[in-house]
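The shown structure was predicted, so the numbers you read here are calculated from the model rather than taken from an experiment. Here is the naming used below: chain letters follow the sequence lines, and residue numbers restart at 1 for every chain.
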Amino acid sequence: MVKVINRPLEMLGSTVLDLTPSLGRLTIYMIHVFMWLIRPPLRLKLFFEQMVFMGNKSLFIIMLTSSFSGMVFAYQIYLGFTAFSVDSFVGPIVAIAVCKELAPVFTGLVVAGRCGAAMAAQLGSMVVTEQVDALEVMGVSSIQYLGVPRVVATVITMPMLAAIFMLIANTGSWIVGTQLLGIDEAMYFAKISDFMTVKMAIEGLIKSAIFGYMIAIIGTYQGFQVKGGAEGVGKATNQAVVWGMVTVLVMDFFLTAILAKVL
Amino acid sequence: MSYKASIEFNNLVKEFGDHRVLNDLDFNIHEGKITTILGFSGAGKSTLLKHILGVHHPTTGQVKVLGEDLSTLNESKLREFRTNFGMVFQYSALFDSMTNFDNVAFPMREFTNMSEEEIKEKVHTLFKQTALDDFAIHKLPSEISGGMRKRVGLARALALQPKIMLYDEPTTGLDPITTHMVDDLITSTHNNNSDIPMTSVIISHDIAATLRISDYVAFLEMGKMVVHLPVDEFRKSDHPTIKKFIELST
Ligand SMILES: Nc1ncnc2c1ncn2[C@@H]1O[C@H](COP(=O)(O)OP(=O)(O)O)[C@@H](O)[C@H]1O
């Protein structure tokens, strides 16, 4: 009986103990990234390269997921609401949900899966092949050269991607709602302007920037701490995706609570 | 014998936890000479190299490079100081996202105010010096052979005219012909730059190459210095460990 109770407790305990030093190292890494961010030289070229890379990696998937999630969401809400003859509320409900939640969270999940993983894989293989050591030995900070441009690019690109998500999802909802399901177009827009505010979109953009920061920090951190060959790179890539996604979902709750107070 | 020391180890001790990896090393690496640090795997050679680079600092004792105690330098001074080193990595460690040209140009772009025109000229000179064909210049490192990558790595290491060249296992895993080529490259690089004068330090467990190209050999065993001798005396040494090492490797 004691054993049955102890086992889960032990597991919880060891997970917490495993996590604590990692969190400590992650925090130290975040401080280093910040310190190198504010030190010259500014590596603008690397930063733009990373933005283009991220766009290439994720734009198409974001367009695909946003259009379909906008459409299906509008459809589902319509099915529920039409019974009470309040189907014109589809517009604002989709708009608010997309801007506040779906856009930042879905974009975060896509970017964690595509870009966070790519960062861990790239930096990890650079560690394994001593390219990171080569930078350091030459006197170039690997955090500044490899870490900072990726983090900054993600913080700036994520809100752009989220904004694209918002635009496309709402367009999808509009097409399904007004063109397919026959909601009155004037009512659709009137209701949106009644309930939706610019603040809500800003909330989504702020969230996505913070998600982007965490995804890039986790992705690059996982890459830098790779040990032991190709296997280590695979493991780091996997960890970057898992922790990137979990962080997005968990932080979403706390950010919602905080932003509700601040905004 | 009078000589100038380029790197001084004064009672260097390094411990990781309770594990003593370097045990009271006290010797100098001579300026303008080729010194090989030889030893079995796990002897502490890489750790010693990291002390020269200032990546590790001594637990006790002191490492002085070109008269400078690296543990007293702050981070940015240390980074600046590292431009004195040219390092050739075991697997070349070229940046795989850049062409060979950009790899060799990299240190110049980072640390000098040279114009692109001057850089181009210097890269071509370095390619010549390391006997690289021009066709390799605008290729990616992944598109050329391992031996050629070694040359590009060497060219990159030479870009800032370093005072100290460091070679980490330069011939490990290479075929005999490429091994000879790398050996020749190390000696020719050393001799061509003797006006600076250049000190070369090689980390190796390849006894044949060591005997062929070194001026001095420092033999490490389990963190302890067994001998530090001119190569001719090393060859004749009757120290049992060294005899065994030479026997096992030939
Ligand atoms: N950062 C470190 N932390 C703990 N132990 C280390 C570290 N670096 C090296 N060692 C230990 O030091 C010993 C010597 O390693 P190393 O210098 O790599 O030897 P070599 O290069 O001669 O093969 C090994 O036993 C290794 O486990």
Side-chain angles (χ1 to χ4, degrees), chain A residues 21 28-29 31-50 52-54 56-57 118-119 121-150 153 220 223-224 226-230 233, chain B residues 46 49-56 65 70 73-98 102-113 141-142 146 149 152-154 156-160 162 164-169 172 201:
Chain A
I28 292 169
Y29 174 66
I31 294 168
H32 279 150
V33 168
F34 179 74
M35 278 168 28
W36 280 110
L37 175 67
I38 53 179
R39 260 200 247 181
L42 280 177
R43 299 180 182 279
L44 284 179
K45 183 166 164 272
L46 294 177
F47 157 72
F48 283 118
E49 274 172 17
Q50 284 305 317
V52 171
F53 175 79
M54 286 188 64
N56 271 339
K57 274 254 169 207
M119 290 176 201
Q122 284 171 343
L123 300 196
S125 64
M126 288 185 74
V127 168
V128 171
T129 54
E130 295 188 309
Q131 293 176 54
V132 171
D133 287 341
L135 275 176
E136 291 289 336
V137 164
M138 282 184 219
V140 177
S141 157
S142 55
I143 292 183
Q144 190 188 38
Y145 193 83
L146 300 169
V148 170
R150 284 172 171 77
T220 51
F224 277 129
V226 162
K227 284 185 194 74
V233 177
Chain B
S46 310
L49 184 73
K50 285 180 181 155
H51 279 84
I52 299 175
L53 289 163
V55 175
H56 287 329
V65 182
L70 298 188
L73 298 180
N74 65 25
E75 200 194 312
S76 58
K77 282 267 180 314
L78 185 61
R79 286 185 186 283
E80 220 171 280
F81 188 83
R82 287 196 183 139
T83 54
N84 286 308
F85 297 117
M87 169 116 183
V88 178
F89 287 84
Q90 186 171 356
Y91 299 107
S92 307
L94 298 175
F95 304 123
D96 51 19
S97 59
M98 296 181 194
D102 289 332
N103 262 287
V104 178
F106 183 84
M108 295 179 246
R109 290 184 179 143
E110 281 292 319
F111 292 103
T112 69
N113 298 321
S142 56
R149 277 203 289 276
V152 178
L154 182 61
R156 181 178 70 180
L158 288 169
L160 298 180
I164 299 175
M165 280 297 284
L166 302 167
Y167 299 87
D168 186 13
E169 310 260 357
T172 304
V201 181

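- For A:Val128, the side-chain contact (heavy atoms from CB on, under 4.5 Å) partners are A:Val226, A:Val233, not counting sequence neighbours.
- Within the 4.5 angstrom heavy-atom criterion, no atom of B:Leu166 approaches chain A.
- Between A:Ala134 and B:Ala93, the closest heavy-atom pair is CB-O, 3.9 Å.
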Which atom pairs, one donor and one acceptor, sit under 3.5 Å between chain A and chain B?
{"residue": "A:Arg43", "atom": "NH1", "partner": "B:Glu110", "partner atom": "OE2", "Å": "2.7"}
{"residue": "A:Arg43", "atom": "NH2", "partner": "B:Glu110", "partner atom": "OE1", "Å": "3.0"}
{"residue": "A:Gln131", "atom": "OE1", "partner": "B:Asp96", "partner atom": "N", "Å": "3.2"}
{"residue": "A:Gln131", "atom": "NE2", "partner": "B:Asp96", "partner atom": "OD2", "Å": "3.1"}
{"residue": "A:Glu136", "atom": "O", "partner": "B:Arg82", "partner atom": "NH1", "Å": "3.1"}
{"residue": "A:Glu136", "atom": "OE1", "partner": "B:Arg79", "partner atom": "NH1", "Å": "3.1"}
{"residue": "A:Glu136", "atom": "OE1", "partner": "B:Arg79", "partner atom": "NH2", "Å": "3.2"}
{"residue": "A:Val140", "atom": "O", "partner": "B:Arg79", "partner atom": "NH1", "Å": "3.4"}

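- For B:Phe81, no part lies under 4.5 angstrom from a heavy atom of chain A.
- For the atom pair CZ (B:Phe106) and CG (A:Leu135), the distance works out to 5.0 Å, reported to the nearest 0.5 Å.
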